[in-house]
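Ligands are counted one by one from 1 in listed order, and the atoms in each one are counted from 1 as well. Fair warning: this is a prediction, and the values are worked out from it, not measured in the lab.
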Amino acid sequence: MLSAKNLFQEILDDDDAFRLFCSIAASGESQGGWENGRIAALVPASQRALAPKIARHGADEDKHGRIFNALLRKRGLTPVPVPRETDYTMLLEQHGIGLAHEQLGREEPLTERDIITYLAHSRVTEQRASEQMRLLRKHFADHPDLGRAVRMISNDEDNHLAYCHEELLRFAAAGHGRTIQHILRECALAEIRVYRDVSLAVMDHMGRALGWSRAKAAVLAAGIHAVHAYERLHGWRRMVTLAPPERRDALGGPAVPAPEFA
Ligand SMILES: [Fe+2]
Ligand SMILES: [Fe+2]
């Protein structure tokens, strides 16, 4: 039967597919880590209080990158180069979503608007990360090799999402509500397209690694298109709402270390 759980189990059982999965995940996480590290370093003076939380956000993503690499190492595998068409973070940047790497590479302080852009971009992408990790956690929380990693990353992504809600609400209360809604909407609509394209590309690579029949590949591609149709019509709205999170000050302390992985 075709289900998220069976699909992931198939990937898990195959060295090439697992290697590609972890390589893509590790690369996305460490790109996020680098971006947030740079944003923390370039925070404008007016938002200095936010810098430690942004740095913590970056430290978490770096840790996730190390965890995915550690999962590979544990199986005696080394990462493979990430195919361009599966590089979610890079493709989002190419669509002008979030802050450009070129800007983050400079030594100029960011503006308050840049910080809002970072938070809105994160509000959307952390929603995706949180949902994906919850799906993995639902099926693999007790898995002997993956369980701990999945539970830890999932908990972190929920923290990141809570933090974005909280900080964006703070900016909204300070009068930036319209700007925030505008950026969130633009970001969400671009993200659902990039997510569809990346999903199709990843499935294509997995299908070849796992020797899927044309019929199976076609069913999966149809599923991805159906998700996108739903998200374009309605689902994107869940990515642009703001509500006070249950977890307050979720990134208020230092990153929880993961010595068993990295
Ligand atoms: Fe992450
Ligand atoms: Fe995250």
Side-chain angles (χ1 to χ4, degrees), residues 8 20-40 50-72 79 82 86-93 97-99 101 104 115-138 140-141 146-168 184 187-188 191-192 194-195 198-199 202 238-240 242 245-258 260-262:
F8 195 72
L20 181 63
F21 171 82
C22 287
S23 303
I24 291 172
S27 148
E29 299 279 7
S30 21
Q31 281 184 69
W34 180 83
E35 284 172 16
N36 294 350
R38 290 303 300 157
I39 295 167
L50 208 53
K53 297 185 192 183
I54 304 174
R56 157 82 190 273
H57 187 190
D60 280 354
E61 305 300 7
D62 276 334
K63 180 182 76 184
H64 299 167
R66 292 197 304 274
I67 291 176
F68 282 113
N69 281 317
L71 291 176
L72 281 178
V82 171
T86 66
D87 195 331
Y88 172 78
T89 312
M90 187 204 66
L91 289 170
L92 281 175
E93 192 208 342
I97 298 306
L99 300 174
H101 282 195
L104 295 178
I115 297 299
I116 293 173
T117 300
Y118 144 72
L119 285 169
H121 170 234
S122 299
R123 155 75 185 89
V124 170
T125 54
E126 294 296 342
Q127 170 103 34
R128 184 72 75 189
S130 161
E131 288 172 359
Q132 298 222 293
M133 290 313 300
R134 275 168 182 250
L135 184 66
L136 278 184
R137 190 172 64 188
K138 185 172 145 199
F140 296 94
L146 284 187
R148 266 188 70 75
V150 164
R151 290 195 310 270
M152 176 177 244
I153 298 175
S154 175
N155 185 53
D156 288 345
E157 305 301 8
D158 289 350
N159 279 341
H160 300 166
L161 184 57
Y163 147 81
C164 292
H165 276 272
E166 194 171 352
E167 298 303 333
L168 282 170
L184 278 176
C187 225
E191 196 277 346
I192 62 173
V194 168
Y195 179 70
V198 167
S199 302
V202 171
R238 79 187 187 287
M239 300 177 136
V240 303
L242 291 178
E246 261 172 51
R247 303 181 188 195
R248 296 296 163 94
D249 199 23
L251 297 187
V256 179
E260 69 277 34
F261 293 111

Undergrad: Tell me whether the Fe ion (ligand 1) has Asp156 as a neighbour, meaning an N, O or S atom of it below 2.8 Å.
TA: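 Coordinating: no.
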
Undergrad: Report the C-alpha distance between Lys53 and Glu166 in whole Å, list the side-chain angles of each, state the deciding distance to 0.1 Å, and finish with yes or no for salt bridge (Lys or Arg N to Asp or Glu O under 4.0 Å).
TA: CA-CA 12 Å; Lys53 297 185 192 183; Glu166 194 171 352; 5.5 Å; no

Undergrad: Hey, is Asp62 close enough to Arg66 for a salt bridge, meaning N to O under 4.0 Å?
TA: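 Between Arg66 and Asp62 there is no salt bridge, as every charged N stays at least 4.0 Å from the carboxylate O atoms.
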
Undergrad: Checking one value in my table: which N/O/S atom of Glu157 lies closest to the Fe ion (ligand 1)?
TA: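 Glu157's closest N, O or S atom to the Fe ion (ligand 1) is named OE2.
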
Undergrad: Assign the ring pair Tyr88 / Tyr195 to parallel, tilted or perpendicular, where the plane angle (0 to 90°) is split at 30° and 60°.
TA: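 Perpendicular: the ring planes of Tyr88 and Tyr195 meet at over 60°.
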
Undergrad: I'd like to know if the side chain of Arg151 and the backbone of Ala141 have a donor-acceptor N/O pair within less than 3.5 Å.
TA: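 Here the side-chain-to-backbone pair exists.
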
Undergrad: Whether the Glu131 and Gln127 side chains hold a donor-acceptor pair (N or O, under 3.5 Å, no angle test) is what I'd like checked.
TA: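 Glu131 vs Gln127: donor-acceptor pair found between side chains.
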
Undergrad: So, 2.8 Å as the limit: is an N/O/S atom of Glu29 located closer than that to the Fe ion (ligand 1)?
TA: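 Yes.
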
Undergrad: Could you pull out the atom name of the N/O/S atom in His160 that is nearest the Fe ion (ligand 2)?
TA: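 Answer by atom name: ND1.
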
Undergrad: In His64, what N, O or S atom is nearest to the Fe ion (ligand 1), if we give its atom name?
TA: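 Considering only N, O and S atoms, His64 comes nearest to the Fe ion (ligand 1) through ND1.
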
Undergrad: What atom name does the N, O or S atom of Glu61 nearest to the Fe ion (ligand 1) carry?
TA: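 Nearest N/O/S atom: OE1.
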
